[in-house]
Amino acid sequence: MLRMSSLFLRTLRDDPADATVPSHKLLVRAGYVRPIAAGIFSWLPLGVIALRNVERIIREEMDRAGFQEVHFPALLPREPYERTHRWDEYGPTLFRLQDRKGSDYLLGPTHEEMFTLMVKGEYSSYKDLPLSIYQIQTKYRDEARPRSGIVRGREFIMKDSYSFDLDDEGLEKSYQKHREAYISTFNRLNLKFNIVSAMSGAMGGSKSEEFLAPCETGEDTYVLCEKCGYAANVEAMKTKVANRDFGTPPAMEILDTPNTPTIDSLVEVMNSKYGSSITAADTLKNVLLVADGEAISVLVPGDREVDLKRLEANLPGIQELRLFDDEDFAKRKELVKGYVGPQDAKKFGLKLYADPRVVVGSHWITGANHLNKHMRYVTHGRDFAVDGFIEAAEVRAGDLCPSCDNPVIIDRAIEIGHIFQLGRKYAEALELTVLDSEGKSRVVTMGSYGIGVSRAVAAIAEQSNDELGLVWPEEIAPAKVHIVATGKDDLPFDTALKLAEEIETKGISVMLDDRRDASPGVKFKDAELIGNPYIVIVGKGLVDGKVELRKRRTGEKSELAVNEIVSQIVKLLS
RNA sequence: CCGGGUGUGGCGCAGCUUGGUAGCGCGCGUCGUUCGGGACGACGAGGCCGAAGGUUCAACUCCUUUCACCCGGACCA
């Protein structure tokens, strides 16, 4: 039983000045956490209980799926991370330190190396596979800028699993098992979430999905189709191209378009000088970039910008990507800033990528590769050819859903889980092989699956609060029932204690506000701020043998006889 | 890392423009009253004003440097 008369807890009347998101404000105000440094927090008793509840649910679901728990140190030697090149690749995000002898160590930002090496040390036969193991461990990442309190800290708790399989089918099965375990985990955590397809990107895997908990203050943007449920990370969104008949355009025609270095100015001149009625979407924008030293041009409709993140995610293997700067234009005089067109790309030795909307047969108004001149009827397939299509244009709300044509919305969310098929990158680097049934050595294929444990606490707080405070789901709350005793006589306090004890014998956790020196108002405010799902008030109604029951989430109140309350609570919680 | 902002008792803030050695609310302690919506009164404890250097008879206040924290961005999952 948590007795507030002795509980190590101090609630705050005001929001902490440095908090901006609800979870941060409320977890601090209600006394669950306290800040220690940027992105580093201490957990107080109430916070520890909520955190352990989240952990417990995750652990139960992992165990139920047949995964086994292990535990690695957070403090790790350099060498394995050297072998996978991550000592360097992780860059400044890695917390590094040295021991007294000057040997390098790191605080684990994630533990692929350790898992791989552990399996390598124990297993050597295909008969041992498949295997899925997990841990719940504190992770360290020296984020350039921690923010949003618990949501994005430099020290955080993560559940990470890894699957080990002989072949791709095995990996797919392990992946699906994790996917299902994650769905039941997040359902039990009472989180609203969407599973969105993501880019596996630099990690080198194939399939990848994120579990996103929608909330206004989330840091991730994703695309959602409310009609069919399609959801994708902005990077992974596929463009749906509307069918359009372009007919047979006339031959390319060069036009005088003085002072039209921007799309807007071009549209203006076309419409006023040439009497056309075009919009930016009828023009073709040639965005020049340098990808690992090579000049490339990305063609997008004039009303769209290039989203560098999307472009980069869809250009695998490119290390450095940047827009052309004035120096680049100076070096390549044939590329006239503001008047670039794709029809001379071959001649210029320029690699061309096109947005999927630039279909073969479409024709465009675009730069003539001469100052103050543009061309029209420049036709894809006739006047220029591309090296490939690429998803690089910005995604907008209202774009068509690739699976059902409905306009999509753009939403914000917190990433609470990520599952992906890692493949053989770590197994290869660390030589994790097993012998197959023919006695041949085979590199194991891996999957990697993470849940932000501390972040999940914040995400629940983020999705579930009101102007009064936190509103915890039953399984997460520090206690299921919060009993408040009011008044100055002993009777309500004695009765409240008796009820608390009785409820506890039913296996239901209780918090009892037995403070003699706090006024009723303070107790009510604290109960609401702390956010336990059921609040029982033992006070003035006692003269009629009544107590009050309130549901925190709905605010619904009811009067019950003292001798009914325990059975009523048991009923509500069963 | 780039740009902006803020550092004053445990928390939230004022004071700084115009230098004279620190104040308010909450919280905390004691006593009394109150007891179903963050009660009231009286008395009280608690602050090298983020740090270092400089200017000055005198610095919370002005100047320089530095550190920390927050916000936007870049980065990152």
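All figures in this text were calculated on a predicted structure; none of them were measured in a lab. Only this structure's heavy atoms are used, side chains among them; waters, hydrogens and symmetry mates stay out. Protein chains get the first letters and strands the later ones, always in sequence-line order, with residue 1 at the start of each.
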Can you pull every protein N or O that's under 3.5 Å from an N or O on nucleotides 11-16 of chain B?
unit_1, atom_1, unit_2, atom_2, d
B/rG12, OP1, A/Ala17, N, 3.1

(message) Which residues pass the side chain to side chain contact (heavy atoms under 4.5 Å, CB included) test with A/His85, not counting sequence neighbours?
(response) A/Glu89
(request) Applying salt bridge (Lys or Arg N to Asp or Glu O under 4.0 Å), name anything that partners A/Asp399, two or more places apart in sequence or on another chain. (result) A/Arg304
(message) A/Glu172: which residues meet the salt bridge (Lys or Arg N to Asp or Glu O under 4.0 Å) condition with it, sequence neighbours left out?
(response) A/Lys207
(message) Using OP1 and OP2 only, check whether a side-chain N or O of A/Arg147 sits under 4.0 Å from B/rC71.
(response) no
(request) Kindly state which residues belonging to residues 478-503 of chain A come within less than 4.0 angstrom of RNA chain B, counting heavy atoms of the residue only, listed by number. (result) A/Thr486, A/Gly487, A/Lys488
(request) With RNA chain B as reference, determine whether A/Leu542 or A/Arg10 sits nearer its 5' end, using the nearest nucleotide of each. (result) A/Arg10
(message) Enumerate the salt bridge (charged side-chain N to carboxylate O under 4.0 Å, His left out) contacts for residues 182-194 of chain A, please, sequence neighbours excluded, ordered by first and then second residue.
(response) A/Glu60-A/Arg188, A/Glu61-A/Arg188, A/Arg188-A/Glu475
(request) Fill in the dot-bracket string of RNA chain B, one character per base: . for unpaired, | for a pair to another strand, ( ) or [ ] for pairs within the strand, taking Watson-Crick or G-U pairs under 3.5 Å. (result) (((((((..((((......[..)))).((((((.....)))))).....(((((..]....))))))))))))....
(message) Assuming nearest nucleotide by heavy-atom distance, tell me which of A/Gly541 and A/Glu235 is located more 5' along RNA chain B.
(response) A/Gly541
(message) Suppose we screen for side chain to side chain contact (heavy atoms under 4.5 Å, CB included). Which residues come up paired with A/Arg516, at least two apart in sequence or across chains?
(response) A/Asp490, A/Phe493
Interface polar pairs with nucleotides 39-42 of chain B, N/O, under 3.5 angstrom:
unit_1, atom_1, unit_2, atom_2, d
B/rA39, OP2, A/Ser519, OG, 2.8

(request) Kindly point out which of B/rG36, B/rG38, B/rC75 is positioned nearest to the side chain of A/Ala144? (result) B/rC75
(request) Give me the residues of residues 19-31 of chain A where at least one heavy atom lies under 4.0 Å from an atom of RNA chain B, by number, or none. (result) A/Thr20, A/Arg29
(message) Would you measure the distance from the C1' atom in B/rU6 across to the matching atom in B/rC16 and give it in whole Å?
(response) 14 Å
(message) List the residues meeting side chain to side chain contact (heavy atoms under 4.5 Å, CB included) with A/Asp88, not counting sequence neighbours, and say none if there are none.
(response) A/Glu82
(message) According to side chain to side chain contact (heavy atoms under 4.5 Å, CB included), who are the partners of A/Val562, at least two apart in sequence or on a separate chain?
(response) A/Thr495, A/Leu499, A/Leu542, A/Val547
